[in-house]
Amino acid sequence: MGWVYIEDLKNHIGKEVEIRGWIFNKRSSGKIHFLQIRDGTGFVQGIVEFSKVEPEIFERAKRLRLETSVKIFGRVREDERAPTGVEIDVENLEIVQIPIEDYPIGKKEHGVDFLLDHRHLWLRSRRQFHILRVRHEIIKATRDFYDRRNFVLIDTPIFTGSIGESAGNLFEVNYFDYGKAYLAQTGQLYLEAACMAFGKVYNFGPTFRAEKSKTRRHLTEFWMNEAEVAYYDHEDNMKLQEELISHIVRWVLEKASDHLVALGRDLKKLEGIEPPFPRMSYDEAIDHLRKKGFDVKWGDDIGGDEETALSNIFDKPVFICNYPREIKAFYMLPDPERPEVVLCDDLLAPEGYGEIIGASQRIHDYDLLVERIKEKDLPLEAYDWYLDLRKYGSVPHSGFGMGLERVVAWICGLKHIREAIPFPRTIYRLNP
RNA sequence: UCCGGCGUAGCUCAACCGGUAGAGCAUCCGGCUGUUAACCGGAGGGUUGGGGGUUCGAGUCCCUCCGCCGGAGCCA
């Protein structure tokens with residue numbers, strides 16, 4: 001009789017086992033207790049029958065309250081009435097700790113603010129269990145994708161000097177005698193350096209944006225995967241993106257579909273996510289939006305509502321390509337045939353989820369890059385090492401950044417991105 | 001920062017035109033041998049976010065501050 005995790009119970013039918021976990025609910029009919037037990041790997045019901053256990057054990061079961069930590073000893077039994085197919089006939093139980101106070105998270109619904117204040121406990125809830133397990137698989141799928149293609153993982157720094165896209169949305173920290181340092185809002189510039197050394201590179205880590213955004217798509221700290229490949233053009237880049245996203249979806253469907261079903265996700269919406277993804281130029285997107293009655297003109301950025309409208313056209317993610325250079329970052333390569341637009345794409349997830357990837361071919365010509373930095377009124381001296389990359393064997397290269405939490409939200413079908421990360425950081429929330 | 005909304009029991013919410021605070025869950029007590037947010041009976045639980053004002057009377061109307069939510073801008 002040994003310690004077994006709930007996820008392995010189906011391999012121990014008829015055996016005596018020990019479960020170490022917590023009581024997340026209890027129902028009783030007087031002479032029979034139904035203990036709802038979780039252990040971090042799954043959920044199972046324990047049956048305590050008055051006629052089958054010592055009176056002392058039955059009384060002990062009666063005293064259990066929400067989130068009491070317990071060791072359960074009993075025999076595993078297949079039962080069609082159980083949602084997971086197995087139950088445990090409890091023979092003995094050992095209380096590790098009875099909660100000192102009533103557990104704050106009840107069985108009925110709670111408001112978002114209350115739940116976020118109790119995020120450290122909310123993580124124990126079923127829904128969060130399933131979401132964060134899917135997140136875990138998405139991360140594994142992402143790493144696996146790059147491993148299979150022989151990309152090299154390059155961890156980019158979190159402390160950076162004043163470099164990036166713009167200075168308005170960086171978090172400042174004091175950095176010894178150097179004065180101000182900034183938390184990274186992207187590792188892209190470093191990956192561009194690394195791809196000239198390793199060819200195919202990626203990173204995966206936290207990113208920080210000091211934007212005062214209050215929407216269901218924004219966090220101040222979020223995880224981003226970026227990839228950068230030397231000699232890749234815009235077309236190669238888009239292919240890589242649609243293969244990455246398809247790989248992730250396929251992986252999650254294979255390894256975590258139970259979790260998606262438990263979250264109420266319609267798997268059919270994910271099963272068709274395979275290359276190629278539809279493409280739409282920025283010009284076509286604007287035309288489409290105008291026909292739908294949106295008040296947009298060529299040169300405007302595409303906002304949240306517009307993104308939702310575009311992502312609802314298709315049942316796969318859609319690439320929106322070649323935006324006006326005016327509204328995009330300085331490092332994006334202008335289209336040689338049409339210099340007013342840049343060779344970039346935003347990948348919008350379907351069902352209204354919107355942008356999950358931002359991508360572009362980068363400028364590899366030294367003079368053009370200097371020109372664009374000046375055009376955007378950025379300080380040339382801050383980009384000295386970045387410009388260096390264009391002096392020594394510069395080659396065309398491309399890359400992208402994928403917002404992990406947005407992908408998690410889309411795949412899980414979440415209404416808000418804050419459930420897609422264990423401890424969300426938003427403009428007004430730093431605790432827990 | 002701007003626009004809109006909300007703040008009532010531990011939690012989720014209700015309370016009509018301004019008339020004196022109510023339900024479910026949770027907790028405690030009792031009942032029930034197949035419950036699935038179990039159910040049934042009973043009990044305790046409130047400075048209606050803070051401050052000020054109007055009124056015979058304010059949860060309700062006005063001012064102000066605080067907190068939160070949603071959206072915009074910006075972005076993944």
Side-chain angles (χ1 to χ4, degrees), chain A residues 24-36 43-53 58 62-63 65-67 77 79-84 87 89 99 101-118 121 125-127 164-166 168-170 185-188 204-226 241 300-308 327-329 346-349 353-359 400-410 415-418 420-421 426-429:
Chain A
F24 71 89
N25 198 4
K26 187 186 77 177
R27 289 181 281 270
S28 176
S29 297
K31 292 291 189 290
I32 180 168
H33 300 305
F34 300 94
L35 311 180
Q36 311 302 317
F43 306 88
V44 72
Q45 176 164 269
I47 315 295
V48 190
E49 288 185 77
F50 182 73
S51 58
K52 292 186 182 169
V53 298
F58 194 79
K62 196 176 172 183
R63 281 168 51 214
R65 306 196 304 171
L66 256 52
E67 289 304 315
R77 175 171 44 74
D79 196 311
E80 286 185 4
R81 291 169 292 191
T84 55
E87 289 186 339
D89 289 319
E101 293 175 21
D102 294 338
Y103 189 63
I105 298 182
K107 293 189 267 184
K108 280 226 169 175
E109 283 181 37
H110 292 285
V112 193
D113 189 39
F114 177 84
L115 288 170
L116 285 172
D117 280 341
H118 295 84
L121 302 175
S125 302
R126 289 185 93 117
R127 182 178 162 80
E165 299 180 26
S166 60
N169 47 13
L170 294 162
Q185 55 167 203
T186 171
Q188 181 200 316
F204 205 164
T207 310
F208 308 88
R209 302 275 165 98
E211 291 152 0
K212 296 196 169 181
S213 301
K214 297 187 61 179
T215 77
R216 65 171 65 106
R217 303 184 303 280
H218 287 88
L219 296 168
T220 53
E221 176 182 313
F222 65 96
W223 279 61
M224 184 156 68
N225 156 236
E226 296 172 280
Q241 293 163 52
D300 291 346
D301 205 353
I302 294 176
D305 288 348
E306 288 86 7
E307 257 186 29
T308 300
I327 57 172
K328 284 293 181 181
D346 282 0
L347 184 63
L348 311 185
Y353 276 93
E355 186 174 3
I356 52 174
I357 282 180
F400 62 86
M402 174 184 80
L404 173 64
E405 288 77 15
R406 289 186 177 179
V407 173
V408 173
W410 163 50
K415 287 198 190 76
H416 200 297
I417 195 172
R418 69 190 149 209
I421 187 168
T426 59
I427 173 167
Y428 293 129
R429 188 168 293 280

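Numbered from 1 within each chain, the chains take letters A, B, ... in sequence-line order. Just so it is clear, the structure is predicted and the values come from calculations on it, not from any experiment.
- Proximity note for Asp79(A) (side chain, C-beta onward) versus rA76(B), rG34(B), rC32(B): the nearest is rG34(B).
- Residues forming a salt bridge (Lys or Arg N to Asp or Glu O under 4.0 Å) with Lys62(A) (at least two apart in sequence, or on another chain): none.
- The gap from the C1' atom of rC3(B) to that of rC56(B) amounts to 39 Å, rounded to the nearest Å.
- Of the P atoms belonging to rA14(B) and rC6(B), the separation is 11 Å, rounded to the nearest Å.
- Side-chain proximity of Glu355(A) to the nucleotides rC11(B), rC75(B), rU33(B) is greatest for rC75(B).
- Contact annotation for Phe222(A): base contact, defined as any heavy-atom pair under 4.0 Å involving a base atom.
- Both Asp102(A) and Pro83(A) lie near RNA chain B, and the one whose nearest nucleotide falls closer to the 5' end is Asp102(A).
- A distance-only check finds a donor-acceptor pair linking the side chain of Arg209(A) to the backbone of Gln185(A) [under 3.5 Å].
- A distance of about 10 Å separates the C1' atoms of rU55(B) and rC61(B), rounded to the whole Å.
- When heavy atoms are screened at a 4.0 angstrom cut-off, Met402(A) is found touching no nucleic acid atom at all.
- His33(A) contributes atom NE2, which lies 9.5 Å from atom CZ of Phe50(A) (distance to the nearest 0.5 angstrom).
- Looking at the side chain of Arg65(A), the nearest of the listed nucleotides rC32(B), rU33(B), rC28(B) is rC28(B).
- Ring geometry, Phe43(A) versus Phe24(A): the interplanar angle exceeds 60°, so the pair is classed perpendicular (tilted spans 30 to 60°).
- Ring pair Phe114(A)/His118(A) is tilted by interplanar angle, where 30° to 60° counts as tilted.
- When distances are taken from the side chain of Arg81(A) to each of rG34(B), rA76(B), rU12(B), the shortest belongs to rG34(B).
- Contact annotation: the side chain of Glu355(A) approaches that of Leu348(A) to within less than 4.5 Å [non-hydrogen atoms, C-beta and beyond].
- Syn is the glycosidic conformation of rC17(B), whose angle stays within 90° of 0.
- Going from the C1' atom of rU12(B) to that of rC68(B) covers 16 Å, rounded to whole Å.
- Proximity of Lys328(A) to Asp346(A): side-chain heavy atoms (C-beta onward) are separated by under 4.5 Å at one or more points.
- Listed nucleotides: rU35(B), rC75(B), rC11(B). Nearest to the side chain of Arg27(A): rU35(B).
- Comparing the P positions of rA15(B) and rA23(B) gives a spacing of 15 Å, expressed to the nearest Å.
- Side chain of Ile32(A), nearest nucleotide from rC11(B), rC75(B), rG34(B): rG34(B).
- The distance from atom CD1 of Ile105(A) to atom P of rG10(B) is 17 Å, rounded to the nearest whole Å.
- Within the 4.5 Å cutoff, the side chain of Arg406(A) has heavy atoms near those of the Arg217(A) side chain.
- Looking at Glu87(A), its side chain comes within 3.5 Å of the base of rG34(B) through a donor and an acceptor atom.
- Among the protein residues, Arg77(A) comes within range of the nucleic acid bases, having at least one heavy atom under 4.0 Å from a base atom.
- Rounded to the nearest 0.5 Å, atoms CZ (Phe208(A)) and CE (Met224(A)) are 11.0 Å apart.
- Across all strands, Ser28(A) comes closer than 4.0 Å to base atoms (heavy-atom distances).
- Taking atom C1' on both nucleotides, rC66(B) is separated from rC28(B) by 36 Å, rounded to a whole Å.
- As a whole-Å value, the separation of His118(A) NE2 from rU12(B) P is 10 Å.
- Side-chain atoms of Ser51(A) and base atoms of rU33(B) include a donor and an acceptor less than 3.5 Å apart.
- Proximity note for Phe34(A) (side chain, C-beta onward) versus rA37(B), rA76(B), rU35(B): the nearest is rU35(B).
- Heavy atoms of Asn25(A) sit under 4.0 angstrom from primed sugar atoms or phosphate atoms, though from no base atom.
- Comparing Tyr103(A) and Leu347(A) by the nucleotide of RNA chain B that holds the closest heavy atom to each, the one mapping nearer the 5' end is Tyr103(A).
- Nucleotides rU27(B) and rG70(B) have their P atoms positioned 29 Å apart, rounded to a whole Å.
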Under a 4.0 Å heavy-atom criterion, the protein footprint on nucleotides 68-74 of chain B, written with B, S and -, is SBSBBBB
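- Comparing the C1' positions of rG52(B) and rA58(B) gives an interatomic distance of 14 Å, to the nearest angstrom.
- A donor-acceptor contact under 3.5 angstrom links the side-chain atoms of Arg406(A) to the base of rC75(B).
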